[in-house]
Amino acid sequence: SLLWLKRRLVSGSRDKAIKYFVDGVTEPPLSIDSTSYPKSSHTDYVLDLAKTRDESVLLSCSKDGLIKLWDADSMQCGGTMTVSNGAVNQMAWFADSFLLTALHNDR
């Protein structure tokens with residue numbers, strides 16, 4: 001999954017990490033993964049990303065059944081929602097109504 005957030009490219013993928021590409025040419029991406037954030041990172045594939053209207057919060061969903069909220073500046077996890085016993089495949093943030101919807105597979 002790819003997303004533009006605060007003039008940065010953000011990716012989530014099968015390596016279970018969320019990566020912020022600040023300058024893809026000269027700098028390696030900043031990574032939220034089990035090595036750098038062992039208590040708050042996803043434990044399975046990151047399947048989708050979303051952002052709040054003001055771009056202050058990044059949302060990620062995963063095959064681990066969780067949606068996580070990340071502070072867009074500090075990359076710290078601000079909260080975790082358990083949505084499913086299976087994968088949360090996609091989500092959409094409706095900023096005008098403060099509504100988050102998720103498409104998931106229950107086991």
Side-chain angles (χ1 to χ4, degrees):
S1 180
L2 294 172
L3 177 77
W4 282 106
L5 178 70
K6 293 193 172 197
R7 302 173 59 125
R8 300 180 198 153
L9 181 63
V10 182
S11 74
S13 65
R14 295 177 86 166
D15 64 0
K16 307 173 191 171
I18 299 168
K19 294 183 179 158
Y20 284 72
F21 293 85
V22 178
D23 176 359
V25 176
T26 60
E27 297 289 325
L30 304 172
S31 185
I32 298 173
D33 57 32
S34 60
T35 302
S36 55
Y37 294 84
K39 293 183 181 178
S40 57
S41 63
H42 283 288
T43 58
D44 212 329
Y45 301 172
V46 177
L47 299 173
D48 198 16
L49 300 170
K51 62 184 174 183
T52 56
R53 184 179 213 167
D54 65 359
E55 296 192 353
S56 64
V57 177
L58 171 70
L59 297 95
S60 61
C61 67
S62 172
K63 240 179 135 173
D64 60 14
L66 304 176
I67 293 178
K68 293 186 173 272
L69 289 75
W70 305 92
D71 180 275
D73 293 318
S74 69
M75 296 185 352
Q76 296 298 313
C77 184
T80 300
M81 294 180 274
T82 302
V83 177
S84 171
N85 291 328
V88 180
N89 297 308
Q90 291 181 310
M91 63 188 162
W93 175 259
F94 298 96
D96 294 336
S97 61
F98 300 102
L99 175 68
L100 174 68
T101 63
L103 175 65
H104 58 89
N105 297 340
D106 271 333
R107 293 183 192 151

- Item | Leu58 CG to Asp73 CG distance, which is reported to the nearest 0.5 Å | 11.5 Å
- Is Val57 linked to Val88 within one hydrophobic cluster, defined over Ile, Leu, Val, Met, Phe, Trp and Tyr using a side-chain heavy-atom separation of less than 4.5 Å? yes
- Here the gap from Ile32 atom CD1 to Lys19 atom NZ, rounded to the nearest 0.5 Å, amounts to 11.5 Å
- Task: Answer yes or no: is there a side-chain heavy-atom contact under 4.5 Å between Met81 and Leu69?
- Result: yes
- Query: Do you reckon Leu66 sits in the same ILVMFWY cluster as Trp70, going by side-chain contacts under 4.5 Å, direct or chained?
  - Reply: no
- Non-hydrogen atoms of Lys6 and Ala72 that approach each other most closely: CE-CB, 4.2 Å
- Task: Taking Lys51 for its side chain and Trp4 for its backbone only, find out whether a donor-acceptor pair lies under 3.5 Å.
- Result: yes
- Within one Ile-Leu-Val-Met-Phe-Trp-Tyr cluster: Ile18 and Met75, side-chain cutoff 4.5 Å: yes
- Query: If you measure from SG on Cys61 to OH on Tyr45, what distance do you get to the nearest 0.5 Å?
  - Reply: 15.0 Å
- Item | Hydrophobic cluster membership, Met91 vs Val83, 4.5 Å side-chain cutoff | yes
- Message: Working to the nearest 0.5 angstrom, can you tell me the gap between Leu3 CG and Asp48 CG?
- Response: 8.5 Å
- Message: Keeping Asp64 on the side-chain end and His42 on the backbone end, is there a donor-acceptor pair under 3.5 Å?
- Response: no
- Query: Does Tyr37 reach the side chain of Gln76, with side-chain heavy atoms less than 4.5 Å apart?
  - Reply: yes
- Between the main-chain N or O of Asp44 and the side-chain N or O of Ser62, is there a donor-acceptor pair closer than 3.5 Å? yes
- Message: For a quick check under 3.5 Å, do Lys68 and Thr80 share a side-chain donor-acceptor pair by atom type?
- Response: yes
- Item | For the student: nearest non-hydrogen atoms of Tyr20 and Asp71, plus distance | OH-O, 4.3 Å
- Query: How far does NZ of Lys16 sit from CG of Asp33, to the nearest 0.5 angstrom?
  - Reply: 11.0 Å
- Query: For the side chain of Ser60 and the backbone of Leu49, is there at least one donor-acceptor N/O pair under 3.5 Å apart?
  - Reply: no
- Item | Exercise: identify the closest heavy-atom pair between Ser40 and Cys77 | CB-CB, 3.6 Å
